[in-house]
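Order of the sequence lines sets the chain letters (A, B, ...), proteins ahead of strands, with each chain counted from 1.
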Amino acid sequence: MNRFFITTPIYYPNARPHLGSAYTTIVCDVMARYKRMCGYDVAFLTGTDEHGEKLQRAADAAGIPVERFVAEKRELFKNLWRTLGIPEYSPKHPAGYRFVHTSQNPDHVKSVHWMIRQAQKAGYITKKKYEGRYCIHDERYVSDSTEPANCDICGRPAELISEENYFFRLSAFQDRLLKLYEEHPEFVRPDFRMNEVKSFVKSGLRDISISRRRLKWGVPWPDDAEQVVYVWYDALTSYLTGIGFRGLEATDPNSDFYKYWMDPNAERVHMIGKDILRFHAVYWPAFLMAANDALPQDKRLPLPTTIFAHGWIYYEQDKMSKSKGNVVYPEPIVEALNSFGAPGNDALRYYLLRDTPLGQDASFSYEGLIQRYNSDLANGLGNLASRTLTMLHQLCEGKVPRRIGPSEAQGAVQLIPAFAEAFSRLDFSTGLASVWAMISEADRLIVQVKPWELAKSGSFEDKAKLEGTLSMVAQFLRVVSVLTYAVLPAASSVLFGYLGESGTVEGERIDDKLKFQLLASDTKVAKPEPIFPRLDKEKTLAKLYELAEADRVRERAVAPVPPWRDRRPADESRTKGATVEQQPEQKPPSAEPEPPRGTGFQPVKQHAAKMAAPQAPTPADQKISIDDFAKVEMRVGEVIAAERIPKADKLLKLQVDIGTEVRQVCAGIAEYYEPEKLIGRKVVVVTNLAPRKLRGVESNGMIVAASVEPEGRPVLVTFQEDVPKGARLK
RNA sequence: GGCGGGGUAGCUCAGUGGUAGAGCGAGGGUCUCAUAAUCCCUAGGUCGGGAGUUCGAUCCUCCCCCCCGCUACCA
């Protein structure tokens, strides 16, 4: 049997899961159900990555053991999946999710150790001494400047430290990765993401640091008690642990790992958000290649077949939640729709999958949800089912007539391969659109035939036409209920039952056997109850807002200031790549950007638009003394020359007269200030900052500016009164 | 700055070397089996701007503007 393995990211449980995480998981659930109905042997994995300093600190702050703390967080995820009707694996739900967690998991330690040992054997791991600026308070490296620098986050002076870390020779895999991308264009999808990955790899890979000495909460480094495995190996390897991997030698030959991963014909799909593409498309295959280099040919681990990076879900700003905490949670949405008798889960799933093609950023809005629901589900499928069933009762004694409409069925039959083709590409939007195009056809056919008029005539021909048409539509509805099951599990099951079927929809198979005329003649159909009751826009919106607000209040009451949350407000998620959770706890010594912990997360972003969020104020416990402040020398200077620096978007080179001398200072303000207009302007310069070269240009100081969110726009400090050059700020 | 992708009806987008389409919304009409649903008609849009190739370009070439992504550079 064909095998299909799909994973969500291994989520970092530092906050309650929001709509973004739900989106990824829903997509995987849909795919798991769909593939299962196509006859695949399916495994679906999700989980939580529970290591990392941030979680440990949060647990400490909460005064509970970190193991218990993360176990509680884990439940938040499982609870959400339960609310969303996403089943956990069981004999009854073979395509339900399996859950892997990393902490206190000896099996996972075995997996990780095995992966690392293989890479060591193959010579890809080296221990290197690293020197750099480290902010003790924030547990992170600050910058690579050669003179004392302050921490970006807390402003404290960073210390020069040296630490030995294990490094992975990622650079050794550049050519092999490029070859992989060439030979397997489906390895990264959508294709435009593949282009990004390729160009990133082509530009050269740096070795990455894969251990930490200062951390305690994590997988211990094999044979080195002083080091802890850093996020990469820990989180990515959990994809293997989750299906039974314990290191190749210790893995049960009958385990799912051999079924779903080692099978060369299995499809292995990692569904992720676009923000974590690089780690999955570059690091992960490199880790696997590294391990394979230490193995004989016949024992090598296959690579994933596809890394699918979907887009983010944006939340259209609305009046009700202008204050803050605009993150959208799925539970109140489902609850609100349910309260009107609508299948909330199905509606949400349908909206998310139909409205935006997977891979593109989605713009979530309550109005869009209601709109989609009413036009497609209520007016479309729901109404078609309703009118058809009613007519069967009124005109055909409540049974599916024997006759089959002849030629009209042609188009509907062709629907199935088109739908299947789109879904297999994860193009849910197109697949669903094709179904709804057919629903529209069916509506048109009914109006064209007018069964209610034919019934009046009483002639044999008319009766035959009437019955043939209604029977055909009923058969069509049966097919629709099967095809839409993966997306609309609850509603399609109801429809299936209405049509007189006694089995379950999920027991059906989407293959050559899924044809028309499967409803037995004379099948008794149910008297219809609206499957998708139409929603009143105003009332539903009001309910959605009300429940979202109630949810927010409840959340605050439970955790007044969740310590594991970012210090920054969530809606500051502005600039390129910055996300809700962008707050690196430690920066790797290499210049690689810091990822979030976990294999991923899906931020619900605001439309950056005009949201202004204040920079988080310095917490009270981070106050500095007057002496600390006195160390910083700031003086008034006058710009006497300004020019752009070639090949730098943001940098201006300024000559600033600070009274005693003229300083050359670089400032990252080119996007907002015209160089010509700066000349003659008084600015504030930090004059005792260590010199640093930026883009090859030496900078002796720093121009002081406010950083205005959301995009971090710099605004230069100015004086209302006239101030002489050289005046010191105190 | 480099690389890549885009700018088409109010919105979301499709599309072809011969002067442009779908869905939704909106307006009008119709039917009555149906969830005030369905069905039918209606959008006259400089297909980002300019130049060129061509008998003819929205689709081909060049230049420019703007947007997005990755990347570099920025604390």
> To the nearest Å, give me how far apart OH (Tyr314(A)) and P (C68(B)) are.
10 Å
> Measure from NZ on Lys450(A) to P on C33(B) and round the result to the nearest Å.
12 Å
> Is Ser440(A) near enough to C39(B) that one of its side-chain N or O atoms lies under 4.0 angstrom from OP1 or OP2?
yes
> A75(B) C1' sits how many Å from Met702(A) CE, rounded?
7 Å
> So, does Gln371(A) get its side chain near the phosphate of C11(B), meaning an N or O under 4.0 Å from OP1 or OP2?
no
> Is the count of non-hydrogen atoms from other residues, nucleotides or ligands lying under 6.0 Å from Glu529(A) atom CD greater than 12?
no
> Any strand counts, and the cut-off is 3.5 Å on both contacts for Watson-Crick or G-U wobble. Which nucleotide pairs with C70(B)?
G2(B)
> Whom does C39(B) pair with, Watson-Crick or G-U wobble, provided both distances fall under 3.5 Å?
G29(B)
> Counting only side-chain heavy atoms from C-beta out, which of C31(B), C39(B), A34(B) sits nearest to Ser386(A)?
A34(B)
> Rounded to the nearest Å, what distance is computed from the OH atom of residue Tyr181(A) to the P atom of nucleotide G4(B)?
18 Å
> Please determine, for the side chain of Ala378(A), which listed nucleotide (C40(B), C33(B), U35(B)) has the closest atom?
U35(B)
> So Arg372(A), base contact, sugar-phosphate only, or nothing? Heavy-atom distance under 4.0 Å.
nothing
> Could you check which of A75(B), U35(B), G69(B) has an atom nearest any side-chain atom of Glu196(A)?
G69(B)
> What's the closest nucleotide to the side chain of Ser375(A) if the choices are C40(B), G25(B), C13(B)?
G25(B)
> Now, which nucleotide makes the Watson-Crick or G-U wobble pair with G23(B), with each of the two distances under 3.5 Å?
C11(B)
> Examine Tyr314(A) together with Phe364(A) and report whether their ring centres are nearer than 6.0 Å.
no
> I want to verify a distance call: between U35(B), C13(B), C74(B), whose nearest atom is closest to the Leu651(A) side chain?
C74(B)
> Please report, rounded to the nearest Å, how far the P atom of G4(B) is from the CG atom of Asp191(A).
14 Å
> Is there a side-chain contact between Gln448(A) and the phosphate of C39(B), meaning an N or O under 4.0 Å from OP1 or OP2?
no
> Both Ser203(A) and Asn379(A) contact RNA chain B. Taking the nearest nucleotide for each, which residue is further toward the 5' end?
Asn379(A)
> Report yes or no: does Thr306(A) contribute a side-chain atom to a donor-acceptor pair with the main-chain N or O of Glu186(A) at less than 3.5 Å?
yes
> Kindly give the heavy-atom pair with the smallest separation between Pro528(A) and Ser386(A), and that separation in Å.
CG-O, 3.9 Å
> Remember a base hit wins even if backbone is also touched, and classify Ile531(A) as base, sugar-phosphate or nothing at under 4.0 Å, heavy atoms.
base
> In terms of the nearest nucleotide of RNA chain B, which residue is placed more toward the 5' end: Arg354(A) or Met391(A)?
Arg354(A)
> Compare the minimum distances between each of U38(B), C31(B), G69(B) and the side chain of Val447(A), then state the nucleotide with the smallest one.
U38(B)
> The side chain of Thr390(A) is closest to which nucleotide in this list: C13(B), C39(B), C33(B)?
C33(B)
> Could you please name the option among A34(B), U32(B), A37(B) that lies closest to any side-chain atom of Glu453(A)?
U32(B)
> Verify, without hydrogens or angle tests, whether Arg663(A) (side chain) and Val656(A) (backbone) share a donor-acceptor contact under 3.5 angstrom.
no
> What nucleotide among C33(B), C40(B), U35(B) has an atom nearest to a side-chain atom of Arg387(A)?
C33(B)
> Which is true for Asn383(A) with a 4.0 Å heavy-atom rule: it touches a base, it touches only sugar-phosphate, or it touches nothing?
base
> Under 4.0 angstrom, heavy atoms only, what part of the nucleic acid is Pro451(A) near: base, sugar-phosphate, or nothing?
nothing
> Got a salt bridge between Glu196(A) and Arg193(A), using NZ or NE/NH1/NH2 to carboxylate O under 4.0 Å?
yes
